[in-house]
Amino acid sequence: MSEQEQSLFAAPPMGEQERMVEAILFASTEPVTVAELRSRMPHGCDPAEALAYLRKRYEGRGVHVVKVGDAFAFRTAADLGFLMSRETVETRKLSRAAIETLAIIAYHQPVTRTEIEEIRGVAVSRGTIDLLMELEWIRFGRRRMTPGRPVTFVVTDSFLDHFGLESARDLPGIKELRAAGLLDSRPSPMAPPSEDEDEPQPGQSELFED
Amino acid sequence: MSEQEQSLFAAPPMGEQERMVEAILFASTEPVTVAELRSRMPHGCDPAEALAYLRKRYEGRGVHVVKVGDAFAFRTAADLGFLMSRETVETRKLSRAAIETLAIIAYHQPVTRTEIEEIRGVAVSRGTIDLLMELEWIRFGRRRMTPGRPVTFVVTDSFLDHFGLESARDLPGIKELRAAGLLDSRPSPMAPPSEDEDEPQPGQSELFED
Amino acid sequence: MAEQDDWIEAERNATAERLAAEALIVDVDGFEGPLDLLLTLSRTQKVDLRRISVLQLAEQYLAFINRAASLRIELAADYLVMAAWLAFLKSRLLLPPEPGEAGPSAEDLAAHLAFQLERLQAMREAAARLMGRDQLARDFFARGLPEGISLHRKVTYDASLLDLMRAYARLRTKDEFRPFVLDRKHVFTMEQALERMRGLIGYVGEWADLQSFLPDGWDVSPMARRSATAAHFAAILEMAKRGQVAIRQSETFAPIQIRRGPE
């Protein structure tokens, strides 16, 4: 086999693969998964390894490679945010109820509406869930396998992207909260004043199973 | 003047200035001029010099700093253009008829065309079914064991994948939609009912039966 | 002299306390439910939530509710439900348990309430920390100029789960929003009634209630009955004008009676 023929079938050198990943990530505003990188790069490439080199190369630069769920994206370094006032998108100010509901979904996911209400001690208003869905920060998760099969809510990858989190496991303070038992769905010893039909589930402790 | 006071007014080190230019060029929606860089960076910076360093740094990389008129921007390297072909997929919103048909199939599967028409109150056009098939969101299910043995439609795994569902059973019910505020008790002013109300044509359904 | 200072001091403290309580009351709309109010009240105990006195908290809450009542401030029902429950809990905490009493102990209930407060507080803090993080498009940024120029142009269609659910919700509730159309199914016209009565009147030699002439099936719904009654009444007036029937009514709202006319 001639040398040229061989090179036709061999994967490009790693330095070249790194350039490819760099170009693809740069071109996209949305995070790109490793699977998508692989499907777009020539046969035989190892985008995961190329990504590792690329992340290292951009450490400490003005833009970084960040991980969002299973995907990767370039984002500007947070310490340079002050330069970007022109780029800032004025976002709607979230109500306290919306912020708390979002936090409860993030930390307790998958979580049912009843559980959110039990934690906050008030009914979740219709607009709140609607708004968080519209922002694409939450979505419906798997139904709970309990009587009534209530729907659950979980946070999305856009949520992770927005708050610069690799995964829900990286939520600030989540380990401490779990260790303190504050993420348990502790059954109330008696139906307390808030009416909750579905019994708290023991199965819920598998938080963040992936 | 004390040393500290001096440092308060001195320009940031060149490495830092380079990071700033990098972040600004990356995040900006348009090419940026040197004058604009200067106005956005701290007093005393030399954006032209920082730019020169930055261009050098990106030489041979997967993205370059290019000059566009008087301004500068990042562009992916020309030799990697073949990687960008998939970037150009034009996405359109599904028509209302298509999304309603899809919703009915998802909620009622397996469902026959006649049943879809009964629920929508209008005939289902052939194009709608074809489109949903082409998107690989629906497929034929088992034939119904009733006179005429009509074909049924079911949703596919790529449907579940696209909509982030574990199974079609995880779709929220009407009660849950209402609770989530997705179902207003008033007709939405954004969705006038007359939009595609083709005449109800009960007789037309067998047109598409095979 | 010193005594007087003490007295003034005490007076001042009492005033401050009263003002604080009133400020709390005025702010009642600002509370997100009874649990939020309890959490606010618990801060006055100035202890770790794990060592909170639930008994004292129950008393504070009940005092708050009483005060609101005396100021004629309307409280939402769930505040009153919580008050009733706390009053119950308080009595359980104060009285020795009845022998053989089933169900959870007062201590369990109190511990659970303390847990709920601690958990709410923890979620508040978590929410604050979350919102304090660097955020996309505020502190860090995505590529401002995504590239997408290519010769290959492929059209694909997209929809979100939200679109899907809204579409389904719209379909399923379509009937609720039917545009207004006259309900002809339940309208009995005067022409129909006239036709009917002409056929029937020949058989009415004695006084008979108009009601008994209403067609079958038109007395099931109020709407149908009203329409049929009105149509038949108009019809007999017409027939009376022509002398075909005689009409009488003994008093206002009494049944209307008819019989064959004198002609």
Side-chain angles (χ1 to χ4, degrees), chain A residues 25-30 63-64 66 73-81 84 87-89 91 94 96-97 99-104 106-108 118-123 133-134 136 139-140 158 161-165 171-174 177 180-184 186-190 192-194, chain C residues 30-39 50 76 78-86 89 103-105 107-113 115-148 160-162 165:
Chain A
L25 292 195
F26 238 91
S28 169
T29 51
E30 300 289 315
V63 295
H64 299 154
V66 299
F74 272 112
R75 297 287 181 253
T76 63
D79 67 310
L80 299 177
M84 305 294 174
E87 252 60 68
T88 307
V89 184
T91 43
L94 285 182
R96 178 171 149 189
I99 292 169
E100 282 182 20
T101 303
L102 179 65
I104 290 169
Y107 283 80
H108 289 259
E118 204 192 305
I119 293 169
R120 295 198 63 230
V122 283
M133 289 246 183
E134 207 142 349
E136 296 189 356
R139 62 175 178 86
F140 288 108
S158 316
D161 193 15
H162 186 92
F163 290 99
L165 294 161
L171 284 163
I174 192 160
L177 288 171
L182 290 169
L183 301 184
D184 300 349
R186 193 177 293 185
S188 86
M190 171 187 137
S194 68
Chain C
F31 289 111
E32 299 234 350
L35 214 51
D36 184 25
L37 171 55
L38 276 169
L39 194 56
R50 301 215 160 191
D78 45 346
Y79 288 88
L80 304 179
V81 172
M82 178 63 93
W85 188 78
L86 285 173
L89 178 60
S105 72
E107 283 69 29
D108 289 344
L109 296 175
H112 187 72
L113 180 63
F115 167 73
Q116 283 180 294
L117 291 174
E118 199 191 342
R119 183 173 58 179
L120 180 60
Q121 177 62 32
M123 279 300 111
R124 292 259 157 92
E125 285 161 6
R129 265 192 285 178
L130 185 63
M131 298 315 283
R133 285 184 70 84
D134 291 331
Q135 292 180 35
L136 182 64
R138 193 190 74 181
D139 306 294
F140 61 95
F141 295 83
R143 180 79 195 268
L145 196 65
E147 287 166 61
S160 69
L161 184 59
L162 209 56
M165 293 182 309

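Lettering of chains follows the sequences in order, A, B, ..., and the numbering in each one begins at 1.
- When all heavy atoms of Leu182(A) and Ala122(C) are compared, the pair lying nearest together is CD1-CB, 3.6 Å.
- Chosen from Glu134(A), His64(A), Arg120(A), the residue pairing most often with chain C at heavy-atom distances under 4.5 Å is Arg120(A).
- For the residue pair Arg143(C) and Phe26(A), the shortest heavy atom distance occurs at NH1-O, 3.0 Å.
- At least one donor-acceptor pair under 3.5 Å links the side chain of Arg133(C) to the backbone N or O of Gly164(A).
- Here Asp161(A) is the residue among Thr101(A), Leu80(A), Asp161(A) with the most heavy-atom pairs under 4.5 Å with chain C.
- Remark: the backbone N or O of Phe141(C) is paired with a side-chain donor or acceptor of Thr76(A) at under 3.5 angstrom.
- For chain C, no part of Ala123(A) is nearby; none of its heavy atoms comes within less than 4.5 Å.
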*Which is it for Met123(C) and His108(A) under the side-chain contact (heavy atoms from CB on, under 4.5 Å) test, yes or no, and what are the steps along the way?*
CA-CA 10 Å; Met123(C) 279 300 111; His108(A) 289 259; 3.6 Å; yes
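- For Ala78(A), the parts lying near chain C are the backbone and the side chain together; criterion is any non-hydrogen pair under 4.5 Å.
- Both the backbone and the side chain of Phe163(A) come within less than 4.5 Å of a heavy atom of chain C.
- Between Asp36(C) and Arg96(A), at least one side-chain nitrogen of the basic residue sits less than 4.0 Å from a carboxylate oxygen of the acidic one, meeting the salt-bridge criterion.
- In terms of heavy atoms, Leu130(C) sits closest to Ala103(A) at CD2-CA, 4.4 Å.
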_Candidate pair Arg124(C) and Ile99(A), rule side-chain contact (heavy atoms from CB on, under 4.5 Å), full reasoning_ = CA-CA 9 Å; Arg124(C) 292 259 157 92; Ile99(A) 292 169; over 6 Å; no
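- Contact annotation: the side chain of Met165(C) approaches that of Phe140(A) to within less than 4.5 Å [non-hydrogen atoms, C-beta and beyond].
- Within the 4.5 angstrom heavy-atom criterion, atoms from both the backbone and the side chain of Arg119(C) approach chain A.
- Across Glu118(A) and Gln116(C), no two heavy atoms sit closer than the pair O-NE2, 4.0 Å.
- No other option in Leu113(C), Leu38(C), Leu35(C) has as many heavy-atom pairs under 4.5 Å with chain A as Leu35(C).
- Between chain C and the residues Ile119(A), Leu102(A), Leu165(A), the largest count of heavy-atom pairs under 4.5 Å involves Ile119(A).
- The minimum heavy-atom distance linking Arg50(C) with Ala180(A) is given by the pair NH2-O, 3.5 Å.
- Val122(A) and Gly33(C) get closest at one heavy-atom pair: CG1-CA, 3.1 Å.
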